[in-house]
*Asks:* 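I have a structure I would like to understand better, so I am pasting it below and will then ask my questions one at a time.
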Amino acid sequence: MKHFTIGAVAALVMTTAAQAQQSIVVGHSLSPTSHYGVGAQAFIDTLTELSGGEFTGEQAPAGQLGGERDMIEGLQIGSMDVVITSTGPLGNFVPEIYALDLPFLFRDYDHARTVLDGEIGQELLDKIGENNLVGLAWSENGFRHVTNSQRPVRTPEDLEGLKLRTMENQVHMAAFEGMGAAPTPMAFPELFTALQQGVVDGQENPVTVITSAKFWEVQDYVSLTGHVYSPAVVLASPILFDGLTEEQQGWFMEAAKASAAATRAEVNRLEEAGVALLLENGMEVITDIDKAPFAALAEESSYSVYTDQHGGEMIERIKAVE
Ligand code: EAX
């Protein structure tokens, strides 16, 4: 029979405890203080608390582990645990999600949140689940606006010839082509430098992102076009999630809901305070915009990217939600 010293036994016990504890990496493309950063921290804190410390976590912010498309791929192969991402590149993996990226579809934040928190949101989370990903909860990025370094944009004519970075999203690219810009798809981590070096003239993002990325350092004009609502979603790797007990899965889902709530609260705060921040930092903010001509062109050029594959039923259902 083997004899263990007290020290060896203590070491053994400690190793076992350490093995039972798992640290979850939460990846996202923005700064740790952004609306995603706040949401990532809420996820980690809630998961740690619910699990009594069995799970802890850390953020991988600022695209440290890649752009949003790379991180989604990472979830599928198990190199990422949890990712907070816009739906920007998600349609490449789950085509039904493109319904949410259609320009001028959601009327306001209330409309978008009601849709995502209801039956349609659940159906689409389930669709994500059919594509080698786990959709834990809908979170939020915000209504997107156009910024650029060249001129105030008030009409589609002002977009003419503007090299505009879009997300890697077929619907958005088609929409901007229709509105007259020259869309250039690019991952977010490359964007700041691309704007700085003049590879592109402009980009489009919500106030949340424009402020947290400090785009005023490289952009002079922001037009409050609100041309599309940008959902975010908290995703998990099926390789991680499917290995959890039901109780543990419940903790992850609760943590994702807490994350989304914290992010939405931060979106609300920035929707109030953000425009003042843009002005303070020297941007010209263009608010007198007639959205109708933008909407007509964007709808004509981009809705078929979705409807050719899936028909128009989902669009009607989304519009009908009060
Ligand atoms: O999800 O790529 C983008 O423009 C996104 O809005 C940003 O990464 C936050």
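In listed order, ligands and their atoms are each counted from 1.
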*Asks:* Is it true that the side chains of Thr155 and Asp158 contain a donor and an acceptor less than 3.5 Å apart?
*Replies:*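 Yes, Asp158 and Thr155 have a side-chain donor paired with an acceptor closer than 3.5 Å.
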*Asks:* Would you say the side chains of Glu54 and Gln248 form a donor-acceptor pair under 3.5 Å?
*Replies:*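 Gln248 and Glu54 do have a side-chain donor-acceptor pair below 3.5 Å.
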*Asks:* How is the hydrophobic cluster of Met167 composed, in terms of its other members, when Ile, Leu, Val, Met, Phe, Trp and Tyr link through side-chain heavy atoms under 4.5 Å apart, directly or indirectly?
*Replies:* none
*Asks:* Taking the inter-plane angle between the rings of Phe215 and Phe192 on a 0 to 90° scale, is it parallel (under 30°), tilted (30 to 60°) or perpendicular (over 60°)?
*Replies:*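 Taking Phe192 first and then Phe215, their aromatic rings lie parallel (interplane angle under 30°).
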*Asks:* Treat each ILVMFWY residue as a node, draw an edge where side-chain heavy atoms are under 4.5 Å apart, and state whether Val25 and Leu240 are in one component.
*Replies:*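 Cluster IDs for Val25 and Leu240 differ.
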*Asks:* Heavy-atom cut-off of under 4.0 Å around ligand 1: list whichever protein residues fall inside it, by chain and number.
*Replies:* Ser29, Tyr36, Glu68, Ser86, Asn141, Arg144, Arg165, Met167, Phe188, Asn205
*Asks:* Taking 4.0 angstrom as the limit, do Asp288 and Arg154 come out as a salt bridge?
*Replies:*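 Salt bridge: yes.
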